[in-house]
Amino acid sequence: MSACVPARADSARTKHVHPPHSPPPGGSRRFRVAGADVSAAVAVFLIALPLSLGIALATGAPLQAGLVAAAVGGIVAGRIGGCPLQVSGPAAGLTVVTADLIQRYGWRTTCAITVLAGLAQLGLGCLRVARSALAVSPAIVHGMLAGIGVTIAVAQLHIVLGGTPQSSVPDNLVALPAQLANLHPADLAVSVLTLALLLLWPRIPGRAGQVLGRLPAALIAVAGATAVAALTGLILPKVDLPSWSSHALAALPDGPVLGLVAAVLTTTLVCSVQSLLGAVAVDKLVAARPAQAGHVKRSDLDRELLGQGAANIVSGSLGGLPVAGVAVRSSANVAAGAVSRNSTMLHGVLVVIAALLLVPALELIPLASLAALVMAVGLKMVSLNHIRTVTRHREVLVYAVTTGGVVFLGVLEGVALGIAVAVGVALHRLTRTRITHHEAEGVHHVHVRGQLTFLAVPRLSRLLHQVPQGADAVVELDGSFMDHAAYETLQDWQKTHTAQGGSVDISGRRPGTRISEPAETEGCRCRPWTPWRNHQCDRPPAAPPPGTDRQATTGGTRGRSRSGPVGKGPGTASGTAAAETAAHKTTGGTTAPATGPSTPGAPGAPGTPGTPDGPAGSARPAGGELARGISAFHRNTAPLMRRELARLAREGQQPSQLFLTCADSRVVTSMITSSGPGDLFVVRNVGNFVPLPGEESSDDSVAAAIEYAVDVLKVRSLTVCGHSGCGAMQALLGAGHAGPGDRGTPLQRWLRHGLPSLDRVHADADAGSDAADHTGSRPRPRPRLAGRGIADAAEQLCLANVVQQLEHLRAHASVARALRSGDLELHGMYFDVGEAQSYLLAQDAEGGVFELVPGIDLTA
């Protein structure tokens, strides 16, 4: 076999942009930084400089270590990390951990622990476990940050008062009265001035506030306090940056192995969780920006973990603090309009320049001012918004235990306690099942709230056997899980109770549970009715009469095939049956003659379940199905919706959209638009037609609805929605409409309103002919679907009908006025029933292109 593989047949068509065996033309690409990135880098730098010094002061590390971590976090994590706009550096959330490590092992061993934590982060990033870190309960994360914030604030309060903080929160609280009795007025005055500037600077009113507010409050607070201290000649401790030649670097770790392992795990956990949660938060901030701000890719969390690990390795090796994503700086970076990772890297370069050239200016900063700044940051970490959130989700216990554990025991111990409590709460909720029994109007109701597991079987069995023999019973299951033991108990009791002459109706939200009905509905295996979801029973087919082809009794195909018109299939009329008579039914997307022999399986045909002519006991009458559905609504949905419906009843309807669509039963407007009561003002008719104003045989009901929605309800958008398998379009193609001067039936007269759509399709088909060219008008392309071809002529007519009805809407006076004033938008929509896909008409596409609505990330 030859080693040479023959070229593909189409390789001759390949176009070379440069001669073979030569490099591509053009010079090297120049490095460019967008102006938005430069301004964002300057804003972040001004925030990072004082905060880095303050966090280094709070940990007890050399002040230069904060600048090293800020520079490395900006350059290394900014270049390698997976979140382009997240700014990394020394974080307040690491203050307590780092301070404890420095006190236990010394500074150089702490740097080695930072390096080992970075290596652990690299390993986690390579294992691609970043997403699993987000499985930690938010209550634990918020509790951890709150505990760290309390620890920081209590420790820095001693420096604010002119003293020295102790090693733990209890010791600081015990020493606080003595510190208050021996406070230093100069330190306190500088701290109060710093806090006042920090609080009041963003609140300057008027145009001056808009201009001055661009400068970060942290920089103004520290700079203002420094200037006042220098001008007044206050004598107080200030920043002392030793020579870089004496800067301490990392050394081999020295200490007990288990203690060092725990220290590495703690640093890795806090750095990783804070950075990953920060990346998710940055994605949300970027998504909330206007589209003009530029497109930024979503975060790659595994790559972000690799970037943080590399930054910690470099920072620890150079004698810097541990690095993590910082919320304050990242938020400022996004708000300043950064468009790429260049802003983060440039901010790191600016920190390097400041550390080398601005040492004399930095040594003028009072330590009390930095302590006040860091204390304010710590207090902000105890977020009232987070407390309200965990209260709403009934996780206050987890939050409180985690916060207390971090404050009084340590970060790792507090997080471990929080995880244990969270697991206990989850198990309690899983096993906490409320089962009640009451009688109303002779019917015994057994209501189960919660998950139905084997632990609840004794209570369930006891209450079920309280139902008297032969009584009517309703078992309401309000839960999403049932294990095998509970299932067996419920089914055994149901069979026994039914055999003794009683009746059992099981309802709830458990998918896949078999519902046993009385004899007339035996064999129904449908899922129970739940809010916003219909159900369809697959009933056993009746035995066909002797000598009858089984295929002829199936009623045709239930779905829609893209390969051909609706209605083709075994046992149905051909796709051209609509042309044989003008009186056709248009229900269900199929066409069937209104007169003549009934089609087996069609509504109203003899022997069809659900009709009076059917055999006795074949199905529940239509009224019974209606009553059962209403009863299920009263039992399951009404309790959930009653408050919202009561509000709508008080305030009246205020819909934002008018939705005009077909009367087809398969088009459920609330389902395909994810809307609820009060959202849509819906107009439905056969074929989703909008008659022209003043047209002969026009229907004023549609025009009245449009006028009421636009002029009275002030809707902001109006949508015309067509759908696949539309029976009205089938009838139009088969000449199922009344001709000029022909009265016809009401349905035939109504279908006249679709003739302009039919003419539009024919005109588009002839657009390229000579006859069309003689008019001098530009050929008009047909409406089409983006991403796939048109299935058949009926689908082509459906699309053209939507475009045509939008033109009819513009002819209505109320719509025309609202469009001119900019208060209304028109939208065209096509819903493919078989695919459950919606297409929206592009506003600027020539001829009408219906584009598939893309999926939207709702957690962003």
Side-chain angles (χ1 to χ4, degrees), residues 92-93 131-150 153 273-274 276-285 287-288 327-328 330-331 377-407 411 414-434 436 447-452 476-481 508-509 530-532 636-651 654 674-679 856-860:
R131 287 286 175 185
S132 60
L134 301 180
V136 179
S137 171
I140 297 175
V141 177
H142 298 328
M144 179 189 72
L145 295 178
I148 292 173
V150 170
V273 172
Q274 182 167 343
L276 295 177
L277 293 177
V280 174
V282 168
D283 284 344
K284 295 180 180 180
L285 293 175
V328 177
S330 301
S331 302
V377 173
L379 292 176
K380 286 184 178 180
M381 294 173 69
V382 186
S383 172
L384 294 178
N385 186 36
H386 291 163
I387 295 175
R388 284 193 293 266
T389 301
V390 298
T391 302
R392 187 167 59 251
H393 291 89
R394 297 181 299 167
E395 293 184 333
V396 178
L397 180 62
V398 178
Y399 179 89
V401 169
T402 306
T403 302
V406 171
V407 170
V411 175
V415 171
L417 277 177
I419 293 175
V421 173
V423 172
V425 170
L427 291 176
H428 174 70
R429 290 176 179 174
L430 181 63
T431 58
R432 183 170 178 263
T433 306
R434 295 181 58 188
T436 59
H447 192 181
V448 181
R449 294 182 181 178
Q451 316 310 317
L452 204 51
E476 304 174 26
L477 303 176
D478 190 1
S480 59
F481 176 76
R509 297 183 180 86
T530 56
W532 313 111
N636 298 327
T637 309
L640 304 177
M641 299 296 301
R642 187 167 288 115
R643 180 177 299 177
E644 176 65 12
L645 291 176
R647 183 188 66 81
L648 292 173
R650 291 192 308 268
E651 301 176 1
Q654 297 176 350
S674 297
S675 57
D679 293 338
I856 299 176
D857 188 1
L858 298 179
T859 62

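For clarity, every value in this text was computed on a predicted model and none was experimentally measured. What's counted below: heavy atoms across the whole structure, side chains too, no hydrogens, waters or symmetry copies.
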Please identify each residue that fulfils side chain to side chain contact (heavy atoms under 4.5 Å, CB included) with [X], with sequence neighbours left out.
X    : value
V150 : V154, V382, V407
L427 : V423
V377 : L51, A92
A281 : none

Quick one: which of I140, L145, V141 gives a side-chain contact (heavy atoms from CB on, under 4.5 Å) with V273?
V141
Would you mind listing every salt bridge (charged side-chain N to carboxylate O under 4.0 Å, His left out) that reaches into residues 637-650, with sequence neighbours excluded?
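Every pair satisfying salt bridge (charged side-chain N to carboxylate O under 4.0 Å, His left out) with a residue in residues 637-650: E644-R647, R647-E651.
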What heavy-atom pair brings M641 and P677 nearest, and what distance separates the two atoms?
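The pair with the smallest heavy-atom distance is CE-CG, 3.5 Å.
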On a heavy-atom basis, the closest approach of Q451 and T433 is O-OG1, 2.5 Å
Pair V280-D283, side chain to side chain contact (heavy atoms under 4.5 Å, CB included): steps then yes or no
CA-CA 5 Å; V280 174; D283 284 344; 5.5 Å; no
Can you list the steps and then say if R388 with N385 is a side chain to side chain contact (heavy atoms under 4.5 Å, CB included)?
CA-CA 5 Å; R388 284 193 293 266; N385 186 36; 4.1 Å; yes
Identify every side-chain donor-acceptor pair in residues 392-402 under 3.5 Å, counting partners at least two apart or on other chains, and give the distances.
unit_1: H393; atom_1: ND1; unit_2: T389; atom_2: O; d: 2.9
unit_1: T402; atom_1: OG1; unit_2: V398; atom_2: O; d: 2.8

For H447, all residues meeting ring-ring contact (aromatic ring centres under 6.0 Å, His included), sequence neighbours excluded:
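Scan of H447 (ring-ring contact (aromatic ring centres under 6.0 Å, His included), adjacent residues dropped) gives none.
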